[in-house]
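Working notes, beginning with the structure itself.
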Number of protein chains: 2
Amino acid sequence: MEWTIQELAARAGITSRTLRHYDRFGLLAPSRVGANGYRYYGLGAVARLQRILLMRRLGMGLPAIAEVLAEEVDEHDGLRAHIAALEEERDRIEQQIRSVRHTLEALQAGVEPRMDVMLAGFNDRYKDEVISRWGERAFQVSNDWWHGKTLEQQRAWKQASEDLVAAWVAAARAGISPTSARAQTLAARHVRWLSEIPGTPTADGDRERSIAMVKGVGDMFVDDPRFAAMYEDAAGAVFVRDALHAYARTRM
Amino acid sequence: MEWTIQELAARAGITSRTLRHYDRFGLLAPSRVGANGYRYYGLGAVARLQRILLMRRLGMGLPAIAEVLAEEVDEHDGLRAHIAALEEERDRIEQQIRSVRHTLEALQAGVEPRMDVMLAGFNDRYKDEVISRWGERAFQVSNDWWHGKTLEQQRAWKQASEDLVAAWVAAARAGISPTSARAQTLAARHVRWLSEIPGTPTADGDRERSIAMVKGVGDMFVDDPRFAAMYEDAAGAVFVRDALHAYARTRM
DNA sequence: TTTGACCTTGACGCTGCGTCAACTTCTAGC
DNA sequence: GCTAGAAGTTGACGCAGCGTCAAGGTCAAA
């Protein structure tokens, strides 16, 4: 089975100009070129084009796509990678559907949509954000750490986290100052809690970056509504942030 | 909750430049602009941005997106449309996953992948193709016609179609000529069968376009592997095409 | 043999941003 | 209150990825 440039373009939903562009660019050569110069596309070209179009829709540039395709020695691996990328994309879209549904339902109920859920719509970047802040290795390590725990251990860690949150909420409600002894004791507990996660600067003993991280974590409570929600309201989140900032300044 | 331009950009996975571009373009204005000229984005802006980014990924241009958003009077309808678009997108991706899986399995089994399944990967354009060939109205009418039938009627029509296909296959196997009486009788039956679908030129009595359509349908049996597969092999599809072409030339 | 549809190779143009540059404004720590 | 550095602003220029002619060759059907 073989197609002319127009036939393939029509089925792929692009123009023949695009196919010529890819040819010129060295990204997708026709399977066969007639003596008259006509381009004919066969099986391999169709599969390759599908992969190219997927990556283009993910926002990749042509040079990046060429690189990916060039690195693939095995055709099977390439197709498997393609499937994996598609599945990831599908999951992302389903996440977005849930996100928009929530926004719609909140709107109909007359309440404000929760920002954390709304933001989940495009949070494929959250991971990137974490990585750029604390490094790729930190992300990998702490990820492995979490998945390396038993279910029982995971539950225990979650429980400890929730206890900490509850303590923060109680302190915030008590109306004490973020620099008070009680708040600072909680901050110390918070830092110890953080240091249990390997791969983070606190666990590694890097003082400079530890301070930056503790402050950064504090900021997250205010900036990132997913955390703000945990602490009941904005005031609580601000309290946690201030306490952590004070702790980082005075005791680290 | 309110974000600065960078905060929103980071979470959306774009740059602040893009947000400024959208503002300048009149596509997404900040919820509030400080006395200092700073842009601040709130709830509405976030939801709108999500919609914009979705449409961008679907390949729409900024003017087209602006038009869509401008037409939406009701915010609820907009969100519902967004969900519908996302679901369609998800279905398309799942279709593609099946398509690529098939290609991979065929490759592993050492057989040729079926082109119809491969092409299903990007066949959101098939509908467009049909429309551009026979017109929007024709598509609408025949679509309504099909969905207006009872389940029993649909089964009956499908049965008639399969009988026709079986007759074609038998004729092709018999090794007769496409211009023979038997083949031409079948062609006539095929045309009658086509004319049952309202909205097509044959049903409307438009002779010129009827001939074009019958020929076009004939070509589809060879060009479009989904039909070729129905007729068992390429030779069968060629037989059907030649018979239909001959019929259109001599008897219409 | 002609007609019309489809192919080819340039070449120029547009859209959607990326990327300085030059300047102002805000925030944190002394 | 002052200063450094991060983040904000408005131009302006540049580039990638095609769209869109223009000026021809090729092919299939009548």
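Throughout, protein chains are lettered first and strands after them, A, B, ... in sequence-line order, and every chain is numbered starting at 1.
With a 6.0 Å radius and a threshold of 12 heavy atoms from other residues, nucleotides or ligands, A/E88 has its CD atom at or below the threshold. Residue-environment remark: CD (B/E2) exceeds the threshold of 12 foreign heavy atoms within 6.0 Å. No more than 12 heavy atoms of other residues, nucleotides or ligands sit less than 6.0 Å from atom CD of A/E75. Taking a 6.0 Å sphere around CD of B/E67, one finds it holds 12 or fewer heavy atoms contributed by other residues, nucleotides or ligands.
Atom C1' of nucleotide C/dG16 and atom CZ of B/F25 are separated by 10 Å, given to the nearest angstrom. Across the protein-nucleic acid pair, B/L19 atom CG and C/dG18 atom P stand 10 Å apart, rounded to whole Å. As rounded to whole Å, 15 Å separates atom C1' of D/dC18 from atom CD1 of A/I52. Protein atom CD1 of B/I14 is 15 Å distant from nucleotide atom P of C/dT19, rounded to whole Å. As a whole-Å value, the separation of A/R20 CZ from C/dC12 P is 18 Å. As rounded to whole Å, 10 Å separates atom C1' of C/dA11 from atom CZ of A/R24. The separation between A/H21 atom NE2 and C/dG10 atom P is 15 Å, rounded to whole Å. For the pair B/I65 CD1 and C/dT15 P, the interatomic distance rounds to 14 Å; values are reported in whole Å.
The side chain of A/Y22 has D/dC18 as its nearest neighbour among D/dG19, D/dG8, D/dC18. Each of C/dG18, D/dG19, D/dT9 was ranked by its minimum atom distance to the side chain of A/R17; first place goes to D/dG19.
In this structure, the separation between CD on A/E89 and CG on A/L54 is 7.0 Å, given to the nearest 0.5 Å.
Between the side chain of B/R48 and the backbone N or O of B/L27 there is at least one donor-acceptor pair closer than 3.5 Å. With hydrogens and angles disregarded, no donor-acceptor distance shorter than 3.5 Å links the side chain of B/R51 to the backbone of B/L69.
Look at A/R56 and you'll find a side-chain N or O under 4.0 angstrom from OP1 or OP2 of D/dC18. OP1 and OP2 of C/dG16 both lie 4.0 Å or more from every side-chain N or O belonging to B/T18. Distances shown here put every side-chain N or O of A/S16 at or beyond 4.0 Å from the OP1 or OP2 atom of C/dC6.
Taken residue by residue, residues 30-41 of chain B places heavy atoms nearer than 4.0 Å to DNA chain D at B/G37, B/Y38, B/R39.
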